[in-house]
> 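Have a look at this one.
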Amino acid sequence: MTKASLVLEDGSVFHGHSFGLPQCVAGEVVFNTGMVGYPEALTDPSYKGQILVLTYPLIGNYGVPDGGVEGGLPAGFQSEGVQIAGLVVAEVSTRYSHWNAALSLARWLVQSGVPAITGIDTRAVTKCLRTKGSLLGKVVLDDQNVEFYNPNLENLVAMVSVRSPVVYPAEGKKRVVLIDCGCKSGIIRSLLQRQVTVMRVPWDYDLMNEACDGVVISNGPGDPKTCSATISNVQRAMDNGLPVFGICLGHQILALACGADTYKMKFGHRSQNQPCVETGTKRCYVTSQNHGYAVQADSIPEGWVSWFHNANDGTNEGIRHVRKPFMSVQFHPEAAPGPDDTNLLFDEFLRML
């Protein structure tokens, strides 16, 4: 394999070998501590513009599924293609074994045009990111280089959102508008399983002329404050009394729409085992998360309450209105990959409808 290096903006350099597309790439370097679920993680639009470090030591051992389409959605993936800018692993498996595997991780990345590097001490990289915070970085080859690039200066949501409305019909009578800020397919599946017709619309779509029973704001990449059109549309939906459910970036957008503030975290939450405690019941749920921004808990306005908080660092993980049908969570109740402990929140949303 071609020699390659991971270079961080603080001057740290980690040497390894290229196993994806043999070219350079730059972006924000982040880490995920999940043990499994790399096909779902790599196709999560929330990773747009990021170089993903997977901390689990062996990656690629069960290959990649053949994909296909089920119910208008990509089977086995969270979007129609690989979303990450680049991948960093300690050891990539050159042999894979799984009944549903169609190709290797390396071949999939080459076909998707995504650079990757193996032979890296991912624990050392993670310790660096935890100490200094998320850093810009780049994967470079011996004879090639590239400038550092900060994806957070871009409107990443506009890059991953659908361009025009898409309707996923269901047998039930309820109809929701899903604002696609980089939506994971699992959110749509969770609604369809509950016989809810889903109208998926672009991030800046004016939904006031659409007849619906409620609004869902999806996950997505980057700074929520770049989504000013989405924030404005959500405010209008709330003014009209439409039930609103925000997930991940959608949580941050709902918070901004109600007058709260958001901030960039030191290194974010990206894993499948984040403990979140519900206010009042004090019940702790194990959750799947992928975000680098959070809601400022002390900025939540009157009439709203903090719904969940993270048991590790105390950060806000959810808000809801005390009287009106507005709620949001920072974690992923559809959890793909990850535990489905909080999937019941979709049922809560249906009761609001």
Side-chain angles (χ1 to χ4, degrees), residues 1-8 12-22 25 27-44 46-47 50-67 75-79 81-130 134-135 137-141 186 267-274 286-290 332 335-339:
M1 291 186 287
T2 303
K3 291 183 178 180
S5 301
L6 173 67
V7 181
L8 303 181
S12 302
V13 180
F14 303 86
H15 299 292
H17 294 87
S18 168
F19 74 93
L21 187 71
V25 70
E28 180 183 27
V29 182
V30 299
F31 65 90
N32 184 308
T33 59
M35 295 173 63
V36 294
Y38 56 82
E40 295 93 337
L42 270 58
T43 54
D44 182 351
S46 294
Y47 281 120
Q50 295 179 330
I51 298 173
L52 176 61
V53 179
L54 296 178
T55 64
Y56 193 66
L58 181 63
I59 300 295
N61 55 312
Y62 58 89
V64 177
D66 60 0
F77 303 133
Q78 289 304 306
S79 68
V82 179
Q83 300 289 342
I84 61 171
L87 181 65
V88 178
V89 303
E91 181 181 351
V92 63
S93 178
T94 57
R95 297 182 179 180
Y96 62 88
S97 178
H98 192 279
W99 67 269
N100 197 33
L103 70 168
S104 68
L105 174 60
R107 181 178 293 276
W108 186 43
L109 291 172
V110 170
Q111 290 180 356
S112 303
V114 177
I117 185 171
T118 184
I120 300 297
D121 185 346
T122 52
R123 182 181 181 186
V125 176
T126 301
K127 289 175 69 176
C128 180
L129 297 177
R130 283 178 57 86
S134 296
L135 297 168
K138 53 187 177 180
V139 173
V140 299
L141 306 182
F267 50 80
H269 296 155
R270 297 175 181 87
S271 66
Q272 300 157 23
N273 56 359
Q274 291 287 330
V286 181
T287 69
S288 177
Q289 302 194 14
N290 177 11
H332 284 272

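Along the sequence shown, residues carry numbers from 1. Heavy-atom basis, side chains included; hydrogens, waters and symmetry copies ignored. These numbers come from a predicted model, not from an experiment.
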> Locate the shortest heavy-atom distance separating Met35 from Tyr56; write the atom from each residue and the value.
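Heavy-atom minimum between the residues: O-CD2, 3.5 Å.
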
> Output the distance between atom OG (Ser79) and atom OH (Tyr47), rounded to the nearest 0.5 Å.
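One gets 12.5 Å once the value is rounded to the nearest 0.5 Å.
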
> In Å and rounded to the nearest 0.5 Å, what is the CG to CG distance from Leu6 to Asp121?
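These two atoms lie 11.0 Å from each other.
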
> Hey, does the side chain of Gln83 reach the backbone of Ser46 with a donor-acceptor pair shorter than 3.5 angstrom?
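No; zero donor-acceptor contacts below 3.5 Å.
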
> Would you say the rings of Trp108 and Phe77 are close, in the sense that their centroids are separated by under 6.0 Å?
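They qualify: ring centres under 6.0 Å apart.
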
> Starting at CG of Leu109, measure out to CD1 of Ile84 and round the result to the nearest 0.5 Å.
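Leu109 atom CG to Ile84 atom CD1 measures 6.0 Å (nearest 0.5 Å).
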
> Is a side-chain N or O of Tyr62 found less than 3.5 angstrom from the main chain of Trp99, in a donor-acceptor match?
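No; judged by distance alone, with no hydrogens or angles, the pair does not exist.
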
> Please name the residue in the list Thr2, Val89, Ile117 that meets the side chain to side chain contact (heavy atoms under 4.5 Å, CB included) test with Phe19.
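Testing Phe19 for a side chain to side chain contact (heavy atoms under 4.5 Å, CB included) against Thr2, Val89, Ile117 leaves exactly one candidate, Val89.
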
> Give the minimum heavy-atom separation between Ser288 and Ala335, together with the two atoms involved.
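In this case the closest contact between Ser288 and Ala335 is CB-CB, 4.1 Å.
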
> Could you tell me if the side chain of Val29 sits less than 4.5 Å from the side chain of Val88, heavy atoms only?
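Result no, sub-4.5 Å side-chain heavy-atom pair not found.
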
> Please examine the side chains of His269 and Thr287, heavy atoms only from C-beta on, and report whether any two atoms are closer than 4.5 Å.
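Not touching, per the 4.5 Å side-chain cut-off.
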
> So, for Ser271 and Thr33, which heavy atoms are closest and what is the spacing to 0.1 Å?
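In terms of heavy atoms, the two residues are closest at CB-OG1, 2.9 Å.
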
> Considering only heavy atoms from C-beta outward, does the side chain of Asn32 approach that of Asn290 to under 4.5 Å?
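Contact flag for Asn32/Asn290 side chains = no.
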
> Show your reasoning for whether side chain to side chain contact (heavy atoms under 4.5 Å, CB included) applies to Val82 and Leu87.
CA-CA 11 Å; Val82 179; Leu87 181 65; over 6 Å; no

> State whether the side chain of Gln272 and the backbone N or O of Val36 hold a donor-acceptor pair below 3.5 Å, judged by distance alone.
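A pair under 3.5 Å: yes.
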
> Where do Leu141 and Ser18 come nearest, in terms of heavy atoms and distance?
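Scanning both residues completely, I find the closest heavy atoms to be CD2-CB, 4.0 Å.
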
> About how many Å separate CG of Leu129 and CZ of Arg270, when rounded to the nearest 0.5 Å?
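If we round to the nearest 0.5 Å, Arg270:CZ and Leu129:CG are 9.5 Å apart.
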
> What heavy-atom pair brings Val139 and Ile51 nearest, and what distance separates the two atoms?
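Nearest pair, atom of Val139 first, then Ile51: N-CD1, 4.3 Å.
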
> Between atom CG of Leu105 and atom OG1 of Thr94, what is the distance when rounded to the nearest 0.5 Å?
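Answer rounded to 0.5 Å: 11.5 Å.
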
> Please name the pair of heavy atoms, one in Glu28 and one in Ser134, separated by the smallest distance, quoted to 0.1 Å.
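Of all heavy-atom pairs spanning Glu28 and Ser134, the closest is OE2-CB, 3.4 Å.
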
> Using a 3.5 Å distance criterion without hydrogens, assess whether the side chain of Thr118 forms a donor-acceptor pair with backbone atoms of Val92.
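Yes.
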
> Using 0.5 Å steps for rounding, measure from the CG atom of Leu54 to the OH atom of Tyr38.
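Those atoms lie 10.0 Å apart.
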
> Taking C-beta and beyond as the side chain, do Tyr96 and Val64 meet within less than 4.5 Å on heavy atoms?
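Sidechains of Val64 and Tyr96: no contact.
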
> Yes or no on side chain to side chain contact (heavy atoms under 4.5 Å, CB included) for Phe14 and Thr122, after CA distance, side-chain angles and deciding distance?
CA-CA 9 Å; Phe14 303 86; Thr122 52; over 6 Å; no

